[in-house]
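The structure under discussion appears below in the form of structure tokens.
Note on naming: letters A, B, ... go to the chains in the order of the sequence lines (proteins, then strands), and numbering restarts at 1 for each one.
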Amino acid sequence: MLHSILEERLRAAFATAFPDTDVGEITVRPCQNPKFGDYQCISVMPLAKKLAAEGEKPNPRPIATNVLEALDVADLCEKVEIAGPGFINFYVKVEGIESVCKAAARGEHLFFEKTRKPRTIVIDFSSPNVAKSMHVGHIRSTILGDALSRLFRLLGHNVITDNHIGDWGTQFGMLLVGWKEHLDQVALEADPIPELERVYKLVNSLTKTDKVVADRARDELVKLQGGDKENFGVWKKLIALSETQFEEMYARLGVKFDHALGESFYNEKLPGIVEDLLDTGIARVTDGAIGVFSDGNLPKKQDPFLNQKDGEWVGIPALVRKKDGGFNYTTTDLATLEHRNSEWHPQEIVYVTDDRQQQHFQQLFAAYLRWRPETSAKLAHVWFGKILGDDRKPLKTRDGDNVKLKDLLNEAEERAFRIVDEKNSELDEAAKREIARIVGIGAVKYADLLPHRQSDYVFDWDKMLSFSGNAAPYLQMSYTRICGIRRKTEAAGHDASIQPDLLKLGEEAEIALAKKLLGFGLVLDAVGEDYRPNLLCNYLYELSGLFSKFFEQCPVMKSEAAIRRSRLVLCDLTARVIEQGLNILGIETSEVM
RNA sequence: GCUCCCGUAGCUCAGCUGGAUAGAGCAGCUGCCUUCUAAGCAGCUGGUCGCAGGUUCGAAUCCUGCCGGGAGCGCCA
């Protein structure tokens with residue numbers, strides 16, 4: 001890739017001119033302002049600071065001059081300039097861009113390189129609960145986690161996705177009472193999850209006022225935990241009903257998991273873990289419960305097991321066993337980490353959850369590293385913000401319930417259908433439905449991935465489906481337009497096959513588009529580095545914008561043969577990058593819209 | 001009280017981790033369809049980057065202190 005070649009050459013030049021420098025700190029990156037060239041190096045200024053003698057003013061420009069004398073990039077660049085306080089600006093030759101594009105057109109790459117150091121990466125995301133509807137709270141985790149999984153796989157890593165389903169816990173006591181005493185069989189058969197939610201809510205509210213019901217729920221839970229045959233059977237049934245729902249949702253979202261090891265998978269391991277933590281002194285008894293406390297090895301401010309209240313530092317333990325003998329989610333999560341490490345030996349384990357769990361994961365990781373100090377895997381909590389409604393409060397239905405994922409996806413497709421129907425009424429019903437599906441689901445996903453993952457965002461149908469501006473349909477349409485060009489060119493009797501060597505960049509819009517294509521790989525690396533797909537969204541939007549300009553200014557079909565063949569190559573590359581980029585985001589494309 | 005996050009155009013948000021003159025979309029005006037999908041393109045208008053200091057060649061970005069908003073803080077997950 002052009003960028004990495006320039007970087008290598010520049011590093012070599014630095015090594016020649018200043019043998020003591022750490023060339024790893026020398027980087028080349030695309031210019032944000034085309035006025036200063038195509039690529040730039042800003043590393044000379046900080047370097048000059050280091051090289052300057054004590055008390056002496058750093059002087060970057062002479063350093064840059066010396067480096068340029070040792071640099072040979074005449075084959076790739078029109079010129080290389082030193083500018084401002086010590087920027088090195090590269091103006092690349094069009095032939096250099098063309099040659100990278102031709103290689104891509106020949107199928108040698110798609111403007112990115114697979115990693116040279118493949119890692120095994122476990123990604124934990126989605127985590128819905130049994131007997132409950134998937135809702136807005138699962139959207140970001142599911143969509144973000146899936147996008148990251150797709151990216152890391154594409155970059156050549158060994159990705160293991162694991163859905164940590166909530167299939168165990170106190171709620172099953174109430175569900176069992178509900179199942180046995182309040183279930184409406186007809187409703188259950190018609191649509192099981194809402195009926196399960198109904199009886200759960202019913203029993204839950206009864207327990208608040210009726211001690212008898214509360215005791216029954218506890219008894220049923222104890223029986224389940226004790227392996228009671230009947231309750232175990234009901235529990236299995238609840239899981240099976242829920243799995244049907246999960247599969248339906250994941251199929252609509254195009255999300256797949258390698259594993260779905262729920263909380264219950266780790267049940268038997270929990271007592272042993274708590275004993276181990278007690279034996280090693282990592283955990284101790286507190287008010288009848290058992291918890292992991294601070295070991296005092298961190299500064300108080302950074303210690304996840306401490307908090308300041310009224311001027312005094314108090315311990316915030318991560319409880320691993322409740323007073324009543326039940327286990328907490330920290331215990332399950334420790335068991336999960338242990339299993340993932342021993343089973344899969346990953347270099348990295350990624351948790352995709354909401355921002356409220358930051359403290360939990362800090363405690364979890366700290367506790368685990370104390371328990372298993374030999375751990376070498378990178379433990380990452382990739383957290384994200386809330387989805388808000390118009391009122392800027394967490395998105396809810398009018399009744400104050402969570403918005404169900406199913407309803408949300410239905411509405412997305414329905415709204416998309418109305419637009420497709422209006423814009424493209426001549427298509428048959430099935431085609432319109434399919435386009436509406438791709439557009440509707442794509443719009444929801446893109447709206448979720450576009451903001452910085454850590455910020456809250458306001459859910460806005462009109463915005464995500466407005467079909468103008470930075471939204472999925474605009475990107476999908478760019479792809480569709482390219483398909484249209486290819487189709488019409490062929491229909492007009494021209495040869496629309498791709499001949500890589502016929503690529504010749506002339507117009508400004510062509511060169512700008514091609515340059516943007518070259519930046520694809522850098523963006524993918526940046527997304528992986530910080531787990532931030534929004535960088536890819538921005539890139540694809542800019543790429544589509546440059547394509548639109550090209551589309552306006554550079555006719556393909558009506559140009560003379562040589563130009564037509566060249567532009568077809570550029571179109572094809574653009575379509576492939578958009579398709580690949582959207583694919584990473586889990587968004588489909590359509591040849592017709 | 002403590003920890004984390006946020007505060008950028010009228011609105012919704014980016015801003016590549018310290019780079020050159022802070023960018024989009026929406027909203028509001030102005031042009032462009034007998035021409036590959038106008039679901040588009042070109043242009044105009046719009047900014048004390050919450051406030052005040054500091055660090056340096058250079059700050060929306062880093063450090064400190066305020067102001068304002070959100071989340072979390074012992075047996076839920």
B/rG7 C1' sits how many Å from A/His452 NE2, rounded? 15 Å

Using a 4.0 Å heavy-atom cut-off, does A/Asp456 contact any base of the nucleic acid, only the sugar-phosphate backbone, or nothing at all? sugar-phosphate

How far does the C1' atom of B/rU55 sit from the matching atom of B/rU3, given to the nearest Å? 25 Å

Determine the Euclidean distance between corresponding P atoms of B/rC67 and B/rA52; express it in Å to zero decimal places. 15 Å

Report the residue (A/Val314 or A/Arg481) whose heavy-atom-nearest nucleotide on RNA chain B is the more 5′ of the two. A/Arg481

Nucleotide B/rC26, atom P - distance to OH of A/Tyr457 in whole Å: 20 Å

One thing to verify: whether A/Arg486 and A/Asp572 come together as a salt bridge, which I'm taking to mean a side-chain N less than 4.0 angstrom from a carboxylate O. yes

Using a cut-off of strictly less than 4.0 Å, decide whether A/Lys386 has a side-chain nitrogen or oxygen near OP1 or OP2 of B/rA71. no

Presence of A/Lys488 side-chain N/O under 4.0 Å of B/rU37 phosphate oxygens OP1/OP2: yes

Send over the distance from A/His360 NE2 to B/rG72 C1', rounded to a whole Å. 13 Å

Whether A/Glu588 and A/Arg437 form a salt bridge (side-chain N of Lys/Arg under 4.0 Å from carboxylate O of Asp/Glu) is what I want to check. yes

In whole angstroms, how far is the P atom of B/rG23 from the CD atom of A/Glu542? 13 Å

Check A/Lys386 with A/Asp355, please: is the shortest side-chain N to carboxylate O separation under 4.0 Å? yes

Separation of B/rA24 atom P from A/Lys549 atom NZ, nearest Å, is 9 Å

Cation over ring, A/Arg481 on A/Phe547, under 6.0 Å and within 45°? no

Between B/rC4 and B/rA9, how far apart are the P atoms? Round to whole Å, please. 26 Å

Under 4.0 Å between any heavy atoms, over every strand shown, what does A/Thr286 touch: base, sugar-phosphate, or nothing? Just pick one. base

Identify whether any heavy atom of A/Val556 sits under 4.0 Å from a base atom; if not, whether one sits that close to sugar-phosphate; answer base, sugar-phosphate or nothing. base

Verify the stacking flag for A/Tyr474 against B/rA39: centroid separation must be under 5.5 angstrom and the ring planes must differ by under 30 degrees. no

Might you point out which heavy atoms bring A/Glu413 and A/Ala436 nearest each other, and give the distance in Å? O-CB, 3.7 Å

How would you label the contact of A/Ser548 with the nucleic acid (heavy atoms, under 4.0 Å): base, sugar-phosphate, or nothing? sugar-phosphate

Mind checking the P distance from B/rA71 to B/rC13? Whole angstroms is fine. 16 Å

Determine the contact category for A/Ala318: base if any of its heavy atoms lies under 4.0 Å from a base atom, sugar-phosphate if only primed atoms, P, OP1 or OP2 are that close, otherwise nothing. nothing

Mind checking the P distance from B/rC49 to B/rU21? Whole angstroms is fine. 14 Å

So what does A/Lys309 touch, heavy atoms closer than 4.0 Å: a base, only the sugar-phosphate, or nothing? base

Which part of the nucleic acid, if any, lies within reach of A/Cys554 when heavy atoms closer than 4.0 Å are counted: base, sugar-phosphate only, or nothing? base

Quick one: label A/Tyr541 by what it contacts on the DNA or RNA (base, sugar-phosphate, nothing), any heavy atom closer than 4.0 Å. sugar-phosphate

Considering every strand and a 4.0 Å limit on heavy-atom distances, what is the contact class for A/Pro451: base, sugar-phosphate, or nothing? sugar-phosphate

Using a heavy-atom cut-off of under 4.0 Å over every strand shown, decide if A/Asn129 touches base, sugar-phosphate, or nothing. nothing

Which value, in whole Å, describes the distance between the C1' atoms of nucleotides B/rC57 and B/rA20? 12 Å

Decide, yes or no, whether a salt bridge links A/Lys393 with A/Asp391 under the criterion of side-chain N to carboxylate O below 4.0 Å. no

Counting the atoms with a prime plus P, OP1 and OP2 as sugar-phosphate, which does A/Gly484 contact under 4.0 Å by heavy atoms, base, sugar-phosphate, or nothing? sugar-phosphate

Identify whether a stacking contact exists between A/Phe36 and B/rA20, where the ring centres must be under 5.5 Å apart and the planes under 30° apart. yes

Is the distance from OP1 or OP2 of B/rA39 to the nearest side-chain N or O of A/Tyr479 less than 4.0 Å? no

Check every strand shown and say whether A/Asn33 touches a base, only sugar-phosphate, or nothing at a heavy-atom separation below 4.0 Å. nothing

